[in-house]
Structure formats: C-alpha cells, structure tokens
Amino acid sequence: MDTRQSIHSEHAKQLDTEGLRKEFLVESIFEADCYTMTYSHIDRILFGGIMPVSKQVSIEGLGKQFGVDYLLERREMGIINIGGPGVVTADSEQYQLDEEQAIYIGKETQSLAFTSLDPTNPAKFYFNCAPAHQKYPTKKITKEQVESVSLGADETCNRRTIYKYIVPNVVETCQLVMGLTKLAQGSLWNTMPCHTHERRMEVYLYLDIKPDNAVFHMMGEPQQTRHMLVHNEQAVISPSWSIHSGVGTQNYSFIWGMVGENQTFDDMDHIAVTDLR
C-alpha cells in the first residue's frame, strides 16, 4: 500500500514537476492478478484497482494496517468496473458487474473477492473507500439507475455527460460519492470554469486516453496553478484547496470520487476564468 501524506498549499507552491507527480499522481492503478492501494491522509481516502485475470483476487489481511480486524470494519467502498464482465463477492453474496456498472459495499462487510468472467477481457474494478460511521446495505448500480446530466457546449469544447453512480438519490452512503464523466467527441475540457470545494477532497481516475494522447491536469490554488501530464488509467489526488480541471489532446473520460464534510454535489466554490493565474 502506497501512503501519501497531506500537503499544505504553501508547500505545493515550492514543488517542481517531479515533486507534484510524486505527491499527487498515481501512475499504476491496474496490475494483473492483484490489487493496488493508495492511502491518502487527506480525509483518509483509500483508492486503487483490482484486475483479476487468471485467478481470483481477494482483499484480506489489512486490518492491522487500519487498526481494525478487517478492512471494512469501519469503512465503506464504492467500485466502478471499467473492464470486461466480472464478479464481486462480498460476504458470500455474488454481484456480476459488466462494464460501467458499479457497486456500493457497506460497512462491516468482512470478505471481498473478485474474478473476471473472461481472462482475455478482464474486469477492471476501480474502487474508492472511506471511513464510515453507519452500516448501509450493499447495492449494485447499473447505468440505467444512475442520475445523469449533460453539460457544456461544442463552442467551448466541453460538452460532456456526468453519470452519478454513488450519490444520495441513488444509494445511501455515509460520505462516499462517485461518478463517471464522459466527454463528447471533439470536446477537450472538463470542469471549466473550474472550482474548489473547501469541504471535500477528490480523486480523479482518467480513462479512455489513447497511448499517444494525454490530459493536462490543472491543479493548485486559483492564483497559483500548476499542471501535470496524465495518461490512461492514472489517478490524481486533489486536495480541497486545489482546482481540478483538465484539457486533453483528444476527448476522454474520468471517474471522480469525493469524501469529506458533505455529499452535496453542487457544493462548489466557483472561480471565473479571468481570476485564474
């Protein structure tokens, strides 16, 4: 498990490209027949990927690292599958997740196991996991059950559809919120004009980026912006003091996950483009 400490905004101003990438970018999310985990001190979020290919992958034996007997003793988890069809087994209950289907797994779930139905097209289970104070039922979420909204315009190169998988109107959670944003062909910008949200942190997982393309992820305080080049299936940690926007060399998608003070999707502190530096 990779651990990332909280970074103060004043510290971030002093970082060069290598320093920014070391603190905020996770370059490897999916590895065959195992799981990856990154633990951030920012709101105690845990995120990573599970890609079973030739065998079942189980998450076990992590209780001691979190001061509990098992991982979800005091945590909740959200998973979105971005690969081939697979099965999530949570305390002996099996849930088949096809591509772009999700599952919320409630607190006190003791065992977690993951398999792919086709080794030539393995599942890619991307997860966010957060501290939880109450137990809510485990629930599978299909694309037809999500809240969706289309935003942006062709003339501003930011036409996109937001699919809200794990939000209060779809599934009950303690604090975790997750969704998927897909940019339309010909659109390049996400979240512009941009915002911060003082009361929540966020993690982006960038998807659908061709090998010879990239996304310029914008971060930093509004008057101290920086950027990082992000490639396919890489994740960025975004502190509450930072903007989180991006522009790609071609259209792309990304999964966003938030934890923190509230679950209000529109709780954003908007920033005009003219005020950015």
Side-chain angles (χ1 to χ4, degrees), residues 29-30 35 46-53 56-57 59 72 75-109 111-130 132 134-151 159-185 190 202-208 232-233 235 251-259 263-266:
I29 294 291
F30 296 105
Y35 60 80
L46 178 71
F47 63 95
I50 307 148
M51 188 172 71
V53 179
Q56 177 178 274
V57 176
I59 296 180
L72 297 189
R75 283 179 164 268
E76 60 186 357
M77 179 179 284
I79 299 170
I80 299 177
N81 182 17
I82 61 168
V87 175
V88 177
T89 304
D91 281 351
S92 76
E93 291 290 327
Q94 294 188 335
Y95 303 86
Q96 180 173 328
L97 295 189
D98 296 332
E99 185 178 12
E100 295 187 1
Q101 292 186 338
I103 187 170
Y104 168 78
I105 302 175
K107 173 179 174 284
E108 300 178 14
T109 300
S111 64
L112 296 168
F114 305 85
T115 55
S116 293
L117 297 184
D118 180 3
T120 65
N121 182 27
K124 292 183 177 179
F125 300 110
Y126 174 70
F127 70 88
N128 285 183
C129 179
Q134 184 170 333
K135 180 179 179 179
Y136 289 110
T138 295
K139 180 182 178 181
K140 175 181 171 179
I141 305 117
T142 67
K143 199 78 172 287
E144 293 71 34
Q145 294 172 306
V146 306
E147 290 185 1
S148 64
V149 59
S150 295
L151 300 173
R159 189 161 57 88
R160 63 201 187 275
T161 302
I162 302 173
Y163 300 96
K164 303 176 186 178
Y165 282 82
I166 298 177
V167 294
N169 288 342
V170 176
V171 59
E172 286 188 296
T173 73
C174 289
Q175 63 166 319
L176 182 62
V177 177
M178 289 182 73
L180 169 68
T181 297
K182 299 177 77 72
L183 273 69
Q185 187 172 0
N190 75 70
E202 191 160 5
V203 175
Y204 272 18
L205 175 72
Y206 283 100
L207 310 170
D208 301 330
N232 193 46
E233 296 177 359
N251 64 311
Y252 53 93
S253 307
F254 62 97
I255 292 175
W256 42 268
M258 294 181 282
V259 300
Q263 297 175 305
T264 306
F265 184 82
D266 294 328

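This chain uses plain numbering: 1 for the first residue, then up along the sequence.
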* Structure fact -> CE (M258) and CE (M178) are apart, to the nearest 0.5 Å, by 10.5 Å
* Structure fact -> Of all heavy-atom pairs linking A184 and N251, the shortest is O-CB, 3.3 Å
* Asked: Distance from E76 atom CD to N128 atom CG, nearest 0.5 Å?
  -> 10.5 Å
* To do: State, with a plain yes or no, whether a side-chain heavy atom of K182 is found less than 4.5 Å away from one of D208.
  => yes
* Asked: Are the side chains of V171 and Y165 in touch, meaning some heavy atoms are under 4.5 Å apart?
  -> no
* Asked: Which pair of non-hydrogen atoms, one from K164 and one from V146, has the smallest distance, and what is that distance?
  -> O-CB, 3.4 Å
* Asked: Partners of E99 by side-chain contact (heavy atoms from CB on, under 4.5 Å), sequence neighbours excluded?
  -> none
* **Point-to-point distance, once rounded to the nearest 0.5 Å, from OG1 of T109 to CZ of R75** => 13.5 Å
* To do: Search all heavy atoms of F30 against all heavy atoms of G49 and return the closest pair with its distance.
  => CE2-CA, 3.7 Å
* **Heavy-atom pair with the smallest gap, counting every atom of A235 and V203** => CB-CG1, 4.3 Å
* To do: Please list, chain by chain and in numerical order, all residues satisfying side-chain contact (heavy atoms from CB on, under 4.5 Å) with A123, sequence neighbours excluded.
  => N81, S116, F125
* To do: Sequence neighbours left out, what passes salt bridge (Lys or Arg N to Asp or Glu O under 4.0 Å) with R159? Give chain and number order.
  => D154
* To do: Name all residues meeting the salt bridge (Lys or Arg N to Asp or Glu O under 4.0 Å) criterion together with D98; count only those two or more places apart in sequence or in a different chain, and write none if there are none.
  => none
* To do: Evaluate the criterion side chain to side chain contact (heavy atoms under 4.5 Å, CB included) for residue pair W256 and N190; output intermediate values, then yes/no.
  => CA-CA 12 Å; W256 42 268; N190 75 70; over 6 Å; no
* Structure fact -> side-chain contact (heavy atoms from CB on, under 4.5 Å) filter on N232, not counting sequence neighbours, yields I209
* Asked: In a check of side-chain contact (heavy atoms from CB on, under 4.5 Å) between K140 and each of I79, I105, L97, which one passes?
  -> L97
* **Parallel, tilted or perpendicular, as decided by the 30° and 60° cut-offs, for the rings of Y252 and F254** => tilted
* Got a second to check how far T173's OG1 is from Q134's CD, nearest 0.5 Å? -> 10.5 Å
* Flag the pair L205 / F47 as yes when at least one side-chain heavy-atom distance between them is below 4.5 Å, and no otherwise. => no
* Structure fact -> Interatomic distance, CG@L183 vs CG@L207, rounded to 0.5 Å, equals 11.5 Å
* **Chi angles and distances behind the side chain to side chain contact (heavy atoms under 4.5 Å, CB included) call for I59, I50** => CA-CA 9 Å; I59 296 180; I50 307 148; 3.9 Å; yes
* Output the distance between atom CD1 (I162) and atom CZ (F265), rounded to the nearest 0.5 Å. => 4.5 Å
* Return the minimal non-hydrogen interatomic distance between I141 and I166, and the atom names on each side. => CD1-CG1, 4.1 Å
* Compare every heavy atom of V259 with every heavy atom of A130, then report the nearest pair and how far apart it is. => CB-CG1, 3.4 Å
* Asked: Which pairs count as salt bridge (charged side-chain N to carboxylate O under 4.0 Å, His left out) when at least one residue sits in residues 142-151, sequence neighbours excluded?
  -> E100-K143
